[in-house]
Asks: 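Below is a structure I'd like to ask you about.
Proteins come first, then strands; the chains are lettered A, B, ... in the order of their sequence lines, and each starts at number 1. In this text the structure is predicted, and so the values were computed from the model without any measurement.
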Number of protein chains: 2
Amino acid sequence: MARTVGSDGEKTAKAIQEKSLELFARHGYAAVSMRQIADAVGIQASGLYQYYKTKQQMLLDVMQRHMDELLAAWENSNCPADPTDALEHFTRFHISFHLTRPDAVFVSYMELRSLEEAEFDAIEALRKRYERILRDILRQGAAEKSFQIADPHVSAMAILAMITGVNTWYRSGGRLSQSKIRELYVAMVRGAVGLLPTQTPNSNDVQREVVHV
Amino acid sequence: MARTVGSDGEKTAKAIQEKSLELFARHGYAAVSMRQIADAVGIQASGLYQYYKTKQQMLLDVMQRHMDELLAAWENSNCPADPTDALEHFTRFHISFHLTRPDAVFVSYMELRSLEEAEFDAIEALRKRYERILRDILRQGAAEKSFQIADPHVSAMAILAMITGVNTWYRSGGRLSQSKIRELYVAMVRGAVGLLPTQTPNSNDVQREVVHV
DNA sequence: GTCTATAGATAGATAGAC
DNA sequence: GTCTATCTATCTATAGAC
């Protein structure tokens, strides 16, 4: 209790968040020890318990923050009303957001099984909320006959898997810019819902038109 | 050494393969102990070392067998020569194969980071061989101008992510049959490479045509 | 081929000093 | 807020009996 006036180790708190995320992403939750995290932060393992009651709570915090930020960023992204525009907007948003947080994405999708029941349910609810955003766009586009899809739920899962998959192969400094990658995926997503290429569909120039936007 | 004549515990060997796969898939490699595996098999933990020198070798074996079976199954699948037909064939093959082995798929994609360097390289080489199959189909279709794709490599990764993603949501006994799911994905894959729906593209019946094949 | 026993390391978490 | 010290449990892997 006898401690210097100040803000309760905010720097340490932040460092724990960063290092735990990094280590969980690289080695997996179960393979990382509290001592490893403490070493990375520069404190002793026992010091971590000032910030988290258990290791499990550290994982939950990482995933919770990621999902909260994802949903908040979506709310601030000004999605257009037209389903076709919305679908393109969602695709670009999703890829941009995910490419800037590869570690958090990786942990949030891979470590669901490391969560205990209550923690899993909390994260799963947030994930479903996000999935529903895309599903609603697809449903509306299907209702308006803009999209040629037989099953909006399946299409939503397929598209999400496709656009999240960028993270498995993208390396910054690679052959393609992020904006080029986004447009390649926009073209594929459009095709997957039965939209024609953005220009007339009977010329080889279509390809170039689709790519550069 | 004094042992009954026979085949060196083939039943136990098989049981270890099955149970280790099952447990790795459910809890993750790092979270599963040798004791847990031994319990599931019905022997003592020390007995496992008759079959595997280390836990790491057990993981490698699981993944090695999966990749070998995948590549062998592909060789036996009689892929047609035409790129469009080949792409549809690949899509159906991939989904069928992966839906019958959800645990092996899960472990093989999720536990790559749990492999030590040499083991990782071995599995990665097999994975690349499989990816190349799809990439070659896409390249050929692009060269023939059957497909409207700007980047066969990106398209291959996108399509693989999409069709592997079925495993994350499919539950047997669900709303859709496996064959219906395959055809939904074939339609999306076709769209993603710029192919028009199988029938005329300006009628709402197209949707039905695409779905049932 | 499977067992018991155990070595040797490391895990998550707590108590209490400063 | 971070430390040292430590508890208790569990881990992978080996030795050697049967």
Asks: Atom NZ of A:Lys55 and atom C1' of C:dT14: how far apart are they, to the nearest Å?
Replies: 17 Å
Asks: Name the closest nucleotide to the B:Ser46 side chain, picking from D:dA15, C:dA11, D:dA13.
Replies: D:dA15
Asks: Just checking, any donor-acceptor pair under 3.5 angstrom between side chains of B:Thr91 and B:Arg182?
Replies: no
Asks: Within this structure, what is the CE-to-C1' distance between B:Met34 and C:dA9, rounded to whole angstrom?
Replies: 16 Å
Asks: Please tell me which of the listed nucleotides, D:dA13, D:dT2, C:dT2, lies nearest to the side chain of A:Gln50?
Replies: D:dT2
Asks: As a test of reading the structure: which of C:dA11, C:dT2, D:dT2 is closest to the side chain of B:Ile43, going by heavy atoms?
Replies: C:dT2
Asks: How long is the line joining CG of A:Asp39 and P of C:dT10, in whole Å?
Replies: 12 Å
Asks: Do B:Arg92's NZ or CZ and the ring of B:Phe90 fall within the cation-pi criteria of under 6.0 Å and 45°?
Replies: no
Asks: Would you indicate what A:Val41 reaches in the nucleic acid, counting non-hydrogen atoms under 4.0 angstrom: base, sugar-phosphate, or nothing?
Replies: nothing
Asks: Starting from P on C:dT14, measure out to CG on A:Leu48 and report it in whole angstrom.
Replies: 13 Å
Asks: Could you say whether A:Gly47 or B:Tyr29 is positioned toward the 5' end of DNA chain D, judged by the nucleotide with the nearest heavy atom to each?
Replies: A:Gly47
Asks: Do you see a donor-acceptor pair shorter than 3.5 Å between the side chains of A:His98 and A:Thr164?
Replies: no
Asks: If I take atom CD1 in residue B:Ile37 and atom C1' in nucleotide D:dT10, what distance separates them, rounded to the nearest angstrom?
Replies: 15 Å
Asks: Among the candidates C:dC3, D:dT12, D:dT2, find the nucleotide nearest to the side-chain atoms of B:Gln44.
Replies: C:dC3
Asks: Using the six-membered ring wherever Trp is involved, compare the ring planes of A:Tyr185 and A:Trp169 and label them parallel, tilted or perpendicular (cut-offs 30° and 60°).
Replies: parallel
Asks: Give the rounded distance in Å between these two atoms: CD of A:Gln36 and C1' of C:dA13.
Replies: 17 Å
Asks: Establish, with yes or no, whether the OP1 or OP2 oxygen of C:dT10 is under 4.0 angstrom from a side-chain nitrogen or oxygen of A:Arg35.
Replies: no
Asks: Report the distance from atom CD of A:Gln57 to atom C1' of C:dA13, rounded to the nearest whole Å.
Replies: 14 Å
Asks: Any idea which of C:dT6, C:dC3, D:dT2 is nearest the A:Thr12 side chain?
Replies: D:dT2
Asks: For A:Tyr51, report the nucleic acid contact type (base, sugar-phosphate, nothing); a contact means any heavy atom under 4.0 Å.
Replies: sugar-phosphate
Asks: Whether B:Tyr49 contacts C:dT2 is assessed here as follows: a side-chain N or O lying under 4.0 Å from the phosphate OP1 or OP2. Is that the case?
Replies: no
Asks: Got B:Met188 and A:Val154 here, is their nearest side-chain heavy-atom distance under 4.5 Å?
Replies: yes
